[in-house]
Amino acid sequence: MSKVYNFSAGPCILPQEVLKEASEAVSNFDDLNLSLIEISHRSKNFVAVMDETVSLVKELLNVPDNYDVVFLQGGASLGFIITAYNLMRENGSAAYLNTGAWANKAQKEAAHFGNVVEVASSKDKNYSYIPKGYEVPSDADYFHCTSNNTIYGTQIKEFPTVDVPLVCDMSSDIFSKPVDVSQFDLIYAGAQKNMGPAGSTLYIIKKDIYGRNGRSIPSYLNLKIHADKDSMFNTPPVFPVYVSMLTLRWLKANGGVEWIQERNEAKAALLYGEIDRNPLFNGVAAKEDRSNMNATFVLANEAHKETFDQMWNDANISGIKGHRSVGGYRASMYNAMDLEGVQALVNVMKELENRV
Ligand SMILES: *Cc1c(COP(=O)(O)O)cnc(C)c1O
C-alpha cells in the first residue's frame, strides 16, 4: 500500500513505529502472552508503564519537583470543568482569553462555577489573531488561555505575565516545543494530538493549588485525589497511556522537545512560505500568530477548488479539509508529520499553479 500523508487535526498522525509496537502489545505485552488491555492496571507490568509515562513527561518538559503529573479520562473538555472546580472559589471569578471555539467552551463551563471575565476576544475577526495588551483583573482566581487554537490556526508565541495563577489548555501543541512549566499553575492536554489515542488527558499541576479554593470537590474531579493515588484512583485509560509512553519514548530517543521544535519550525516555514509565495493561496491567520501545528489557508479563487481537491487526493494527502467554521483548508503538522509529508503538499500547491 502506498503511503498516505495524514494531516488530520485530531485524532491525528502518530509515529509509525509507535503504532507498530502498540499493535504488538495488544496481542502480547511484555512477553506475558497476554494483551496490554486485558491485564490488571495494578499489575507490576502496567504500573511500570504508568511510572515511565509520568517520568517521561517530567523529563521531557523539565517539570519542577513542586508539580504533579497525572493522567485522567474525559478529554480536555473535562479539563474545562476540573479547572474551574479546583481553582475557582465559591462566588469567585476567573479571567479567560477567548481565542477560539475551545477557549470559548472552557469559559462556558467555568461560568457554572462563578463569575467569568472575558479579558479579550478575537471573535470579531473569526478568531484569526491572538489578542494582546489586555489586562487581567488582579482579584481573579486564575487566568485561562489556550496555547494553540486548533480550528483557526493561531498559537500564543509568548505567554503573558500575570499576577494570578496561570492555567493553559495545551491540547494541540504540548510536546511540540519547550515550555517553561514553572510559569503555570495548571496545564492540561488531551492526548489525541501529539501524544496518543483519544481517551487520556494529561494534567501538570502545581501542588500548592490543592485545597486552595475551599470547595468540596467530588472525588473524580478532585486533582489532589488523582495525584495522591498516582493516577490509579480508578481504572486509568491503559491503552492511551501506554501509547503515550511509546510516543514520548520516540520523542526522547530523537532528541526531545528541542529537536521537535526545530523540525516543527522547518515544516511550518516550508508550508507558510508556499502559502505566501503562491498567488493561488491566502493564509487565514494573522502572520505573527500563525500556528506551527495547524496551518489554515484558502484558495484565492474558488473556481480552482475541484481541481485542487482532486490533485491532493491523488497525491495521497488526507485530512486537509478546513473546519466548517473557517472553510478552506487546514493542514495539521503535528510532531509525527515529517518534512517529506509537508513537501508533498507543497508540491501539489506548486503543481496547481503550473496547471491553471
Ligand atoms: C481537541 C481540543 C480540545 C478538545 O479535546 P477533547 O479531548 O475532545 O475534549 C480542547 N482544546 C483544544 C485546544 C483542542 O485542540
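All residue numbers refer to positions in the sequence shown, counting from 1. Counting convention: from 1, in listed order, for ligands and their atoms alike.
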Between the side chains of Tyr272 and Asn292, does any donor sit under 3.5 Å from an acceptor? no
For Glu288, does the CD atom have more than 12 heavy-atom neighbours from other residues, nucleotides or ligands under 6.0 Å away? yes
So is there a nitrogen or oxygen of Ala76 less than 3.5 Å from a nitrogen or oxygen in ligand 1? yes
Look only at interatomic distance and state if Thr146 has a nitrogen or oxygen under 3.5 Å from any nitrogen or oxygen of ligand 1. no
Taking atom 15 (O) of ligand 1 as the reference point, the nearest protein heavy atom with its distance: Thr150 OG1, 2.5 Å
Under 4.0 Å to a heavy atom of Gly75 - the qualifying atoms of ligand 1, by number: 7 (O), 9 (O)
The closest protein heavy-atom partner of atom 9 (O) of ligand 1 is Ser77 OG, 2.6 Å
Can you tell me if Asn148 and Asn294 form a side-chain donor-acceptor pair at under 3.5 Å? yes
Are any of the N/O atoms in Asn148 less than 3.5 Å from those in ligand 1? no
Can you confirm whether the side chains of Asn45 and Ser43 place a donor and an acceptor under 3.5 Å from each other? no
Which protein non-hydrogen atom lies closest to atom 14 (C) of ligand 1, naming both residue and atom, and how far is it? Lys193 NZ, 2.9 Å
Return the closest protein heavy atom for atom 11 (N) of ligand 1 as residue, atom name and distance. Asp169 OD2, 2.7 Å
In plain terms, say whether Glu274 and Arg277 are close enough for a salt bridge, that is, a side-chain N and a carboxylate O under 4.0 Å apart. yes
Heavy-atom pairs closer than 4.0 Å: do any link ligand 1 to the side chain of Gln192, the backbone, both, or neither? side chain
Should the pair Tyr188 and Tyr203 be assigned to parallel (<30°), tilted (30 to 60°) or perpendicular (>60°) ring geometry? parallel
Residue pair Thr154 / Asp289, side-chain donor-acceptor N/O under 3.5 Å: no
Met170 heavy atom under 4.0 Å from ligand 1: no
